[in-house]
Amino acid sequence: MCGIVGYTGPKEAYPIVITGLKRLEYRGYDSTGVALLNSGLKVYKKKGRVAELEESILGKDLHAHTGIGHTRWATHGEPSDRNAHPHTSASGKLAMIHNGIIENYAQLKKELGNKGYVFTSDTDTEVLLNFIEDIKENNQCDLEEAVRVALKRVTGAYVILLLDADSPDTIIAARKGSPLVIGVGKGEHFLGSDASPMLEYTKEVVYVNDYELAIVRPNELILKNLGNEKITPFVTKLDMELAEIEKGGYDHFMLKEIFEQPSTIHDCLRGRLDATAGTITMSGIQNNIEHFKNAQRIIMVACGTSWHAALLAEYIIEELCRIPVEVEYASEFRYRNPIVNKGDIIVAISQSGETADTLVAIERAKENGAIIFGVVNVVGSSIARISDGGAYTHAGPEIGVASTKAFTGQLAVLIMMALKIAKEKGTISDERYKNLLLELDAVPEKVNAILKNADALKAIALKYKGASDALYLGRGYNFPIALEGALKLKEISYIHAEGYPAAEMKHGPIALVDENLPVVFIATKDSYHEKIVSNIQEIKARKGKVIAVITEGDEIIPGMADDVFYIPEADEIIAPMLSTIPMQLLSYYVGIAKGVDVDKPRNLAKSVTVE
Ligand code: M6R
């Protein structure tokens, strides 16, 4: 998730590129860089936001009519000046920016290393760039041909933009998996991750498809496939305003992030889960596998939504790996006097990787000799750096304050962790293991199916938006989802909501039930189904309003609930990744109906760096 911009034409390139980068900053803001092509290449790049780069290069020679720019969300290599894009090739003649992940970069790096290439960054991008240059020199071909040859060997996702010092007005671009839009102006072309950098100049755009390569000059746009056949560019007229497109066409970052989940979950699984081969590749676990296998217990520390992910992980790890798990609020753990022994495994879960309580909690545990394993979204963040090992969730930048796609990313990582450890420990049968891998692999598609039915939740939200309280109930694997559903509703609709284990409500909360109380049941088909049906009856007997999230084909609950929302069938361990999606949408639509600024609800901040 990075932002890329390019321009070639009669105008000054720099102002267009830098303004475009500001609009794409939602895609990542670990570092920023530009490459300008005038008489030779000029590259300016820096760790941090676009504004920081802009200030730092005031007064420099920024004159050029062709340029590219990048705002980074780090994947390979921590955020730093040297890992910032654009990267320059060994000869210094090529500059490249990249959005995506080159999965076989390690192999390519090794091959280039054997030929004497030296790398100045930790990125996969620099590897691909030098691979392209190596082909260009060895095959004595032009850059376009070298790109084509190189991309046929590459696995992963990319949009790349390339400048060549020997071709002063040309940008070569290629795409697979990551977005690329080319704006067609009069004697000029614009390139971007979305159309926002070009909106004030042209409404005519070409959406480049996977496996296409573009040769872009002021008066010329040539599209080709990787077989060197020309493709006629299909020009589309944009019907959008700038404010909309900054959020990728969504009304709010939160909604955009909810709808991104099929691809963010896919990104998280990609390169790790191979359901056909029956393998899970997670180097962070593999490097510590003996510790995990022999662990007497695992302690999980986190806050908020991340704590809910930890709670679900407790259920799953205890079931599959037979290792005792304790789940701790980081803010409590850091101040009490917990028993942490040398060799204990602490799993720290955090979207931002900067939550102060979680950070201090693991610092303390580390002092006592514990092994810290981070499950973090933001690459190079403090928690990621202090961890002894870990696994990134790869959900991309999450801008909306309410965590959505980061949560499903955490669940995907934690489930893969549990499966890998269970397999290594021999606490799971081959059949169950294989089946769960296939189930996990199918999650993005099932999430997509749920999202297609979002309007049904909008209707339910409008019905209950006037409520002053709500109860969320679930059992087993769905109990943490009840807690998460209640947190989401509180955060962005300001309705008081409580999450409870469904059976526990008889021990107090049932006193709240009357004809005005909406009670959300997460009641998917699992080993608790009959029990939760009884709990629904108990609420209905007291005239509570029941909204039930149930599995497709359930014929019992629709007859007793006031409103139902169906989700696809899934194994009970996997089902929470699906049942949490209607929780997110329900709170979003209630928040919107109440006029709340859902991306920035009152009193909250995205990253809680104070205790
Ligand atoms: O960045 P972290 O995951 O460490 O943040 C933890 C909580 O602050 C966070 O999950 C918070 O509860 C969210 N606003 C929930 O939507």
Side-chain angles (χ1 to χ4, degrees), residues 29-30 73 252-258 260-261 264 268 300-313 327-334 346-363 372-387 390-414 472 480-495 497 499 580-581 583-588 590-591 596-611:
Y29 34 80
D30 294 326
W73 194 82
H252 299 95
F253 284 113
M254 181 179 175
L255 191 62
K256 175 170 167 282
E257 286 156 9
I258 291 173
E260 276 174 348
Q261 288 174 108
T264 53
C268 179
M300 301 209 159
V301 290
C303 303
T305 289
S306 300
W307 189 90
H308 299 149
L311 193 61
L312 183 60
V327 178
E328 298 269 0
Y329 286 110
S331 53
E332 290 296 311
F333 186 78
R334 63 180 286 194
I346 310 280
V347 177
I349 307 173
S350 174
Q351 186 286 127
S352 61
E354 302 294 345
T355 299
D357 285 325
T358 311
L359 189 56
V360 178
I362 59 176
E363 277 167 0
I372 313 295
F373 190 86
V375 176
V376 174
N377 194 36
V378 178
V379 174
S381 54
S382 301
I383 293 173
R385 284 201 305 273
I386 196 182
S387 296
Y392 284 116
T393 45
H394 290 312
E398 194 180 61
I399 297 166
V401 160
S403 188
T404 53
K405 62 178 183 170
F407 180 60
T408 45
Q410 289 166 346
L411 299 188
V413 164
L414 292 163
Y472 281 70
I481 301 305
L483 295 178
E484 175 60 6
L487 177 64
K488 288 282 92 80
L489 191 75
K490 270 184 278 215
E491 274 187 298
I492 59 163
S493 76
Y494 312 150
I495 293 175
T580 197
I581 310 291
M583 301 297 111
Q584 300 168 350
L585 285 165
L586 187 64
S587 12
Y588 173 79
V590 173
V596 174
D597 176 357
V598 293
D599 281 339
K600 297 189 190 78
R602 69 185 180 205
N603 304 340
L604 290 168
K606 184 67 192 159
S607 181
V608 184
T609 52
V610 290
E611 65 174 275

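Whatever order the structure lists them in is the order used to number ligands and atoms, beginning at 1. All residue numbers refer to positions in the sequence shown, counting from 1.
Side chains of Glu398 and Ser403: a donor on one and an acceptor on the other come within 3.5 Å. There is no side-chain donor-acceptor pair under 3.5 Å between Glu491 and Ser587. The closest side-chain donor-acceptor pair between Thr305 and Glu484 falls under 3.5 angstrom. Between the side chains of Lys405 and Thr393, not a single donor N or O lies within less than 3.5 Å of an accepting N or O.
Interface of Thr305 with ligand 1, defined as ligand atoms under 4.0 Å from a residue heavy atom, comprises 10 (O), 12 (O), 15 (C), 16 (O). In the vicinity of Gln351, heavy-atom distances shorter than 4.0 Å reach the ligand 1 atoms 1 (O), 2 (P), 3 (O), 4 (O). Using a 4.0 Å cut-off to heavy atoms of Ser350, the atoms of ligand 1 that qualify are 1 (O), 2 (P), 3 (O), 4 (O). Taking a cut-off of under 4.0 Å to the non-hydrogen atoms of Val401, the atoms of ligand 1 that pass are 13 (C), 14 (N), 16 (O). Distances below 4.0 Å separate heavy atoms of Ser306 from the following atoms of ligand 1: 2 (P), 3 (O), 10 (O). Less than 4.0 angstrom separates some heavy atom of Ser352 from each of these atoms of ligand 1: 1 (O), 2 (P), 4 (O).
Under a 3.5 Å cut-off, the side chain of Asp599 and the backbone N or O of Met254 do form a donor-acceptor pair.
Among residues two or more places apart in sequence or in another chain, the ring pair (Phe, Tyr, Trp, His ring centres under 6.0 Å) test is passed with Tyr494 by none. Ala486 pairs by the side chain to side chain contact (heavy atoms under 4.5 Å, CB included) definition with Tyr472, Ala497, not counting sequence neighbours.
Considering backbone and side-chain atoms together, Thr358 places no N or O closer than 3.5 Å to any N or O of ligand 1. At a 3.5 angstrom cut-off on N or O pairs, Glu491 counts as close to ligand 1. Taking only nitrogen or oxygen atoms, main chain and side chain alike, Ala402 does not reach within less than 3.5 Å of ligand 1.
For atom 6 (C) of ligand 1, the candidate residues are Cys303, Ser587, Gly304, Ala309; the nearest heavy-atom contact is made by Cys303.
For the ligand labelled ligand 1, residue Lys488 lies inside the 4.0 Å heavy-atom shell.
Taking the six-membered ring for Trp and thresholds of 30 and 60 degrees, Tyr329 and Trp307 have nearly parallel ring planes, at less than 30 degrees apart.
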